[in-house]
Amino acid sequence: MTPPDTNLQTQQRRHRGPLIGMAVVAIFAIGLTLYWLGESMVTPTEDGADNEITPAEIREGDVDVPEGAPTRSVAPEDPEVRVDP
């Protein structure tokens with residue numbers, strides 16, 4: 001239920017400031033995000049290296065494994081290894 005003495009003109013005047021403030025903050029956030037995305041696309045990496053990967057750099061079996069990680073070699077005919085189709 002709404003109160004019977006609602007004055008829409010007064011309510012519009014009271015809400016104008018907060019609504020303008022929220023719009024300014026939203027526009028600022030969008031501008032800041034676009035600036036950040038633009039800078040990340042334009043600015044080169046710190047080491048200056050080219051980050052493109054060529055097909056010659058990728059070989060089957062190349063995996064970066066941490067030093068302390070447990071590893072196990074598995075032969076293709078190992079009965080413990082089960083591949084679900």
Exercise. Supply the atom-to-atom distance I27 CD1 to L32 CG, rounded to the nearest 0.5 angstrom.
Key: 13.5 Å
Quiz item: Can you name the closest pair of heavy atoms from S40 and L37 and give their distance?
Solution: OG-O, 2.8 Å
Self-check item: Single hit among I20, L19, V24 for side chain to side chain contact (heavy atoms under 4.5 Å, CB included) with M22
Solution: L19
Quiz prompt | side chain to side chain donor-acceptor pair (under 3.5 Å) pairs, two or more places apart, involving residues 11-21 | solution = none
